[in-house]
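One structure is given below, encoded as structure tokens.
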Amino acid sequence: MKKFIHDFEVTHNHHITDDYFAIYLKCPVSLPQILPGQFAEVLVSNSTTTYLRRPFSIYDVDYKRNELSLLIKKVGDGTVALSKLKEGDTLNLIYPLGNSFSLPGGKKALLIGGGVGIAPMLLLSKLLHEKGYKPDILVGGRTSNDIVEPEKYKPFGEVFITTDDGSAGEKGMVTQHSLFSGKVKEYSAIYACGPDPMMKAVARVAAEHNIPCEISLENTMACGIGACLCCVVETIDGNKTTCIEGPVFDTRKLKL
Amino acid sequence: MKKFIHDFEVTHNHHITDDYFAIYLKCPVSLPQILPGQFAEVLVSNSTTTYLRRPFSIYDVDYKRNELSLLIKKVGDGTVALSKLKEGDTLNLIYPLGNSFSLPGGKKALLIGGGVGIAPMLLLSKLLHEKGYKPDILVGGRTSNDIVEPEKYKPFGEVFITTDDGSAGEKGMVTQHSLFSGKVKEYSAIYACGPDPMMKAVARVAAEHNIPCEISLENTMACGIGACLCCVVETIDGNKTTCIEGPVFDTRKLKL
Amino acid sequence: MLDLSVNVHKLLLKNPVMSASGTFGYGIEFDDFIDVNRLGGILTKACTSKNRDGNRYPRMAETPAGMLNSVGLQNKGVDYFINTIYPKIKHYDTHIIVNVSDSTVEGYMEVAEKLNQLDKITGIELNISCPNVKEGGMAFGTSCPMAGAVTKAVREVYDKTMIVKLSPNVTNIAEIAKAVEDEGADSVSVINTLLGMAIDAEKRRPILSTITGGLSGPAVKPIALRMVWQVSKAIKIPVIGLGGISNATDAIEFLLAGATAIQVGTANFVDPQVCIKILDGIEEYCNRHGVQDVKELIGALES
Amino acid sequence: MLDLSVNVHKLLLKNPVMSASGTFGYGIEFDDFIDVNRLGGILTKACTSKNRDGNRYPRMAETPAGMLNSVGLQNKGVDYFINTIYPKIKHYDTHIIVNVSDSTVEGYMEVAEKLNQLDKITGIELNISCPNVKEGGMAFGTSCPMAGAVTKAVREVYDKTMIVKLSPNVTNIAEIAKAVEDEGADSVSVINTLLGMAIDAEKRRPILSTITGGLSGPAVKPIALRMVWQVSKAIKIPVIGLGGISNATDAIEFLLAGATAIQVGTANFVDPQVCIKILDGIEEYCNRHGVQDVKELIGALES
Ligand SMILES: Cc1cc2nc3c(=O)[nH]c(=O)nc-3n(C[C@H](O)[C@H](O)[C@H](O)COP(=O)(O)OP(=O)(O)OC[C@H]3O[C@@H](n4cnc5c(N)ncnc54)[C@H](O)[C@@H]3O)c2cc1C
Ligand SMILES: Cc1cc2nc3c(=O)[nH]c(=O)nc-3n(C[C@H](O)[C@H](O)[C@H](O)COP(=O)(O)OP(=O)(O)OC[C@H]3O[C@@H](n4cnc5c(N)ncnc54)[C@H](O)[C@@H]3O)c2cc1C
Ligand SMILES: Cc1cc2nc3c(=O)[nH]c(=O)nc-3n(C[C@H](O)[C@H](O)[C@H](O)COP(=O)(O)O)c2cc1C
Ligand SMILES: Cc1cc2nc3c(=O)[nH]c(=O)nc-3n(C[C@H](O)[C@H](O)[C@H](O)COP(=O)(O)O)c2cc1C
Ligand code: FES
Ligand code: FES
């Protein structure tokens with residue numbers, strides 16, 4: 001897929017909670033097609049301490065308005081600087097980057113997002129819904145504050161929630177959700193994105209139930225376009241770049 | 001004089017021309033007394049390429065509103081970043097720094113500002129006026145675009161203008177102004193701030209007419225508080241720091 | 001008409017702007033963003049005698065105005081390069097120079113000898129300065145006898161333009177430059193990365209799997225510029241300058257300091273179009289300063 | 001109760017945060033901004049046997065995340081220090097360590113011998129690594145025999161704590177550290193500035209009057225951290241870490257890499273209160289991580 005570099009205009013910077021915000025960006029030309037799981041490399045030009053671009057999954061796309069959005073968690077100087085952008089500011093993006101999720105073998109699929117890892121699941125649930133699949137979306141977080149905009153997924157599938165402290169949904173980790181003791185066998189695919197330990201747990205559970213599982217990795221990146229080889233992940237076929245050959249990988253191929 | 005470090009609030013960023021702007025800043029506490037010629041070291045936190053603070057003369061002070069202002073010319077990344085600050089933004093200043101001009105021996109004094117070098121002359125003309133002196137203010141620039149807010153000085157003295165291209169006031173350099181063929185001998189002091197060649201020319205003319213002359217230097221600085229010894233100027237008494245022992249120097253003491 | 005061309009030994013570059021090894025893939029990665037043919041040359045990522053997996057992830061850490069990397073020469077080996085990659089890149093209408101690395105003198109020789117056969121590879125860059133491999137690598141570049149020895153050995157099997165890439169992690173880089181000049185290098189490139197380290201204070205662990213890595217980006221520019229200046233005064237062969245170059249002003253500074261051409265590395269990650277912007281900026285500078293031939297700028301620092 | 005004290009040889013520092021030589025004046029310059037007594041120690045600007053005017057202006061150039069300086073040891077000489085400055089600073093309730101420089105071994109000895117008499121000067125830091133003077137300076141710090149010789153000579157005339165400040169402009173800094181340890185250094189500080197250069201492309205001239213100068217600030221942090229790690233593994237005497245430290249996280253990284261104490265330099269120019277913020281930040285880190293004694297962090301890098 002052809003990659004682009006464009007100056008987007010910030011149309012809205014939506015502060016969802018203290019920690020999470022969604023930034024809506026207007027493309028100066030027609031948006032190219034963007035696949036679920038793809039990401040953008042964002043130039044942070046309003047932070048004195050951020051040098052490299054920062055990768056973020058593409059959260060939502062509105063082809064009619066020529067807009068895309070990013071869902072971001074404040075974790076360091078770069079993301080905090082992005083949270084300060086205002087309507088009318090400019091943001092330079094390299095996009096769309098990386099591969100995408102593959103379609104499930106059967107009707108039902110489980111989409112799991114941990115914290116801000118939920119971001120790529122919005123486009124995926126939309127696509128699956130459009131194509132006639134039945135996605136269930138399981139959102140996990142440490143507390144209810146980490147369950148971000150769960151209502152966005154409602155139109156496309158059923159939404160389930162877990163939190164470590166039980167402040168929203170079921171208490172426990174995503175893999176302890178009752179879905180896994182119940183209808184898990186109905187899923188013909190599991191898709192997940194989130195913190196490392198969660199990804200490992202999901203991969204293990206998927207393997208136990210023999211369900212194909214794809215996860216989206218968040219390896220640190222320098223270029224995002226396959227030029228530096230910094231973002232590699234070990235697979236059974238050797239080192240693969242997360243930015244070009246990923247970020248979505250079949251868990252059976254990974255050395256987790 | 002005690003130095004302070006404070007977060008000021010931008011109350012107004014006034015874009016005077018494409019190249020010049022004046023930024024108005026509210027002090028969170030009572031402003032200390034600020035002398036003409038003193039400057040502030042400004043932390044530029046919205047530029048990825050500016051590391052050290054930037055020194056700027058204090059342009060105007062409004063003790064009642066607890067505000068001071070800086071008159072700035074865009075010359076590089078730091079000043080361009082400052083030009084983008086908006087009302088409500090925060091700016092960290094170390095101030096008031098440096099020495100000040102000494103009072104003239106007689107009633108009449110000539111204040112010369114080249115381009116943005118005019119900045120420290122506003123407080124000086126105010127002070128002289130208040131104390132009953134009669135300042136003439138000579139503003140020089142390359143073109144009429146470099147004659148910035150000359151009306152500000154009107155209440156405190158007579159304003160004269162020169163431009164290199166004659167697009168405003170008399171044509172030529174400041175030292176070619178008719179003041180220097182006419183009433184120059186009436187001045188008991190000359191004060192100047194501007195580009196190096198202009199300072200040299202002013203110092204020479206002052207010496208010719210045997211008039212005490214003080215100039216404000218714009219040596220590059222790292223600390224602004226006498227700690228690094230980077231900003232030195234050669235004087236007949238050895239190297240002096242521009243930030244502590246200056247920026248105002250008697251031209252007879254300088255090895256120009 | 002402004003003449004932007006420069007000569008690096010036998011190579012006539014259409015302009016002094018090249019991409020640095022390991023930061024530009026094989027050029028292909030940048031086809032979506034720029035017309036790679038406009039560059040003076042491309043330096044490919046390192047090529048070794050055998051397949052190498054490189055170091056374990058994590059391989060990079062951001063640092064103030066720069067980054068550390070410890071990629072560790074990941075590549076599929078010279079035979080794969082010749083059979084699979086070369087056919088995909090030989091259409092480029094620019095100099096393609098292969099960055100040659102290995103752990104032994106014999107390894108360097110093997111790669112160079114094989115590349116000597118490829119028409120469209122008009123030169124090699126001997127990487128005797130990689131800080132990210134256990135054996136060989138930087139060790140070759142930090143002593144005069146070893147730098148001289150590998151240069152001499154490869155010179156015997158390689159006819160075309162041979163550039164030697166020097167390590168900045170030395171007390172006296174001019175000495176090393178002289179050693180490789182004496183043993184037949186046609187040019188030197190200055191500098192490779194500086195050895196650095198990053199720590200995750202919260203986890204109390206090094207960030208890189210290899211603990212230390214190579215520092216690059218704007219942070220190193222002042223050091224690179226100083227070394228280019230020192231080296232270009234010490235030797236007669238052309239110097240290629242690199243280290244932190246991010247815009248045309250930076251590039252011109254390197255030319256003034258004595259570089260005949262320049263390479264752009266880490267800046268490609270921040271802006272994949274930066275090489276072309278630098279090229280256009282050099283042209284604009286020449287026009288503004290009445291420079292008719294970019295060669296006038298080389299070593300033209302007044303002091 | 002959190003114990004923040006550390007021992008640098010005979011010096012018991014109340015905490016590991018010190019100011020770096022040449023960036024903190026004599027402490028007095030910061031009295032308006034912080035309570036200097038809270039620091040673990042102050043390193044004064046360089047003190048030489050005779051008055052020195054230093055280099056000509058311009059002496060500084062900003063660089064990406066850093067700066068170059070070529071102040072060149074401007075000071076009024078050791079006698080002036082003793083008679084005029086010492087009386088103004090001896091009231092500080094913290095260790096005052098004088099940075100000692102010169103062009104000859106005899107010069108270093110003269111300064112050290114005179115300082116040995118001052119009660120409130122509890123240590124000296126031998127600056128064998130200043131890149132900004134024509135004679136002596138860095139030359140002492142870039143070869144083992146010379147570094148050893150000056151250390152040995154000064155040791156003979158100085159009883160109290162003697163820290164030797166190492167130059168990063170070397171191939172193998174651990175070797176130099178060992179040489180000065182062998183000759184009686186009580187501690188080493190790592191690193192002084194890296195030799196760099198800046199050019200004004202428009203004017204085609206070097207920015208500094210001395211052409212090259214010393215690079216400092218965040219840009220050098222990864223290199224400094226690597227050197228502290230290498231040196232602290234190679235020697236037994238305590239290492240004082242510095243180079244680009246700008247916040248508590250940076251400071252903790254240096255402790256983890258093996259530094260017993262740290263110095264803050266260029267960051268003082270950006271924020272004159274930074275030393276105190278670093279001190280408070282270290283305390284906060286210790287509390288958050290259940291560290292009762294800051295000494296637990298020294299060299300505690302897991303790898
Ligand atoms: C393909 C991809 C997609 C991503 N999608 C999103 C998204 O949709 N929304 C979102 O908020 N974030 C996403 N991330 C993570 C995001 O890139 C980082 O949070 C961001 O780069 C942090 O920048 P910073 O300057 O704020 O933090 P920094 O100051 O760089 O780092 C702060 C802390 O976060 C850690 N950190 C930084 N980057 C990463 C990373 N990539 N993985 C794990 N830890 C990291 C650092 O180690 C450090 O502890 C994605 C990452 C990748 C690779
Ligand atoms: C005591 C003092 C008072 C000053 N008062 C004012 C003022 O009231 N208004 C104002 O606009 N400017 C003033 N200046 C100059 C101002 O500090 C610089 O213009 C500013 O630092 C430039 O920052 P920058 O990041 O935009 O430019 P940079 O990117 O740092 O530099 C851009 C260009 O300007 C040149 N430059 C930078 N700093 C200086 C300097 N100090 N002297 C000469 N050339 C320089 C550089 O060499 C370069 O060519 C003053 C300087 C001093 C020392
Ligand atoms: C990710 C990365 C990989 C690199 N790989 C190589 C390499 O394979 N061979 C080599 O000679 N230099 C390699 N380098 C060094 C660069 O070519 C260059 O010398 C260095 O980065 C300094 O230039 P810069 O600051 O412009 O990046 C690499 C640099 C980076 C950042
Ligand atoms: C303006 C300036 C002056 C300096 N003067 C001295 C000095 O006199 N003696 C010395 O040993 N180091 C001197 N240094 C080096 C610092 O003490 C320190 O080693 C170096 O700057 C790296 O630390 P930093 O990055 O925290 O500044 C000076 C540094 C600067 C920036
Ligand atoms: S981030 Fe550079 S190859 Fe993936
Ligand atoms: S700027 Fe540091 S002493 Fe003047």
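Heavy-atom basis, side chains included; hydrogens, waters and symmetry copies ignored. All chains are named by letter (A, B, ...) in the order of the sequence lines, taking the proteins before the strands, and each is independently numbered beginning at 1. Everything numeric in this text was worked out from a predicted model, so none of it was measured.
- Of the listed residues (C:Glu62, C:Gln74, C:Met67), the one with the most heavy-atom contacts under 4.5 Å to chain A is C:Glu62.
- Closest approach of C:Thr23 to A:Ala227, counting heavy atoms only: O-CB, 3.9 Å.
- For C:Phe24, the part sitting under 4.5 Å from any heavy atom of chain A is the backbone (N, CA, C, O) and nothing else.
- Heavy-atom pairs under 4.5 Å with chain C peak, among A:Val233, A:Ile244, A:Ile94, at A:Ile94.
- Considering all non-hydrogen atoms of both residues, A:Arg53 and C:Pro272 come closest at NH2-CD, 4.4 Å.
- When heavy atoms are compared at a cutoff of 4.5 Å, A:Leu43 approaches chain C solely by way of its side chain, counted from C-beta outward.
- Closest approach of C:Asp53 and A:Asn239 over heavy atoms only: O-ND2, 2.7 Å.
- Between chain A and the residues C:Thr266, C:Asp31, C:Thr63, C:Asn268, the largest count of heavy-atom pairs under 4.5 Å involves C:Thr266.
- Both the backbone and the side chain of A:Asn219 have a heavy atom closer than 4.5 Å to some heavy atom of chain C.
- Closest of all the heavy-atom pairs between C:Phe269 and A:Ala222 is CB-O, 3.4 Å.
- Listed for the C:Asp32 side chain is no donor-acceptor partner under 3.5 Å among the backbone atoms of A:Lys2.
- Under a cut-off of 6.0 angstrom, the local environment of CG in C:Asn83 is crowded, with over 12 non-hydrogen atoms contributed by other residues, nucleotides or ligands.
- A donor-acceptor distance shorter than 3.5 angstrom exists from the side chain of C:Arg59 to the backbone of A:Leu229, with no hydrogens or angles considered.
- Contacts of C:Phe30 with chain A are made by side-chain atoms alone, with heavy-atom separations under 4.5 Å and no backbone atom involved.
- When the candidates C:Ala219, C:Pro58, C:Gly66 are compared by the number of heavy-atom contacts under 4.5 Å with chain A, C:Gly66 comes out ahead.
- Residues C:Pro64 and A:Thr49 form no side-chain contact, since every pair of their non-hydrogen atoms from C-beta on lies 4.5 Å or further apart.
- C:Ile34 CD1 to A:Ile5 CD1: the interatomic distance, rounded to the nearest 0.5 Å, is 10.5 Å.
- Judged by distance alone, the side chain of C:Tyr57 and the main-chain N or O of A:Thr220 form a donor-acceptor pair under 3.5 Å.
- The environment of C:Lys76 atom NZ is sparse: at most 12 non-hydrogen atoms of other residues, nucleotides or ligands sit within 6.0 angstrom.
- Heavy-atom neighbours of A:Lys74 NZ from other residues, nucleotides or ligands within 6.0 Å: above the threshold of 12.
- Remark: A:Lys84 NZ is loosely packed, at most 12 non-hydrogen atoms of other residues, nucleotides or ligands lying under 6.0 Å away.
- In terms of heavy-atom proximity, C:Met60 sits nearest to A:Met221 at CE-O, 3.0 Å.
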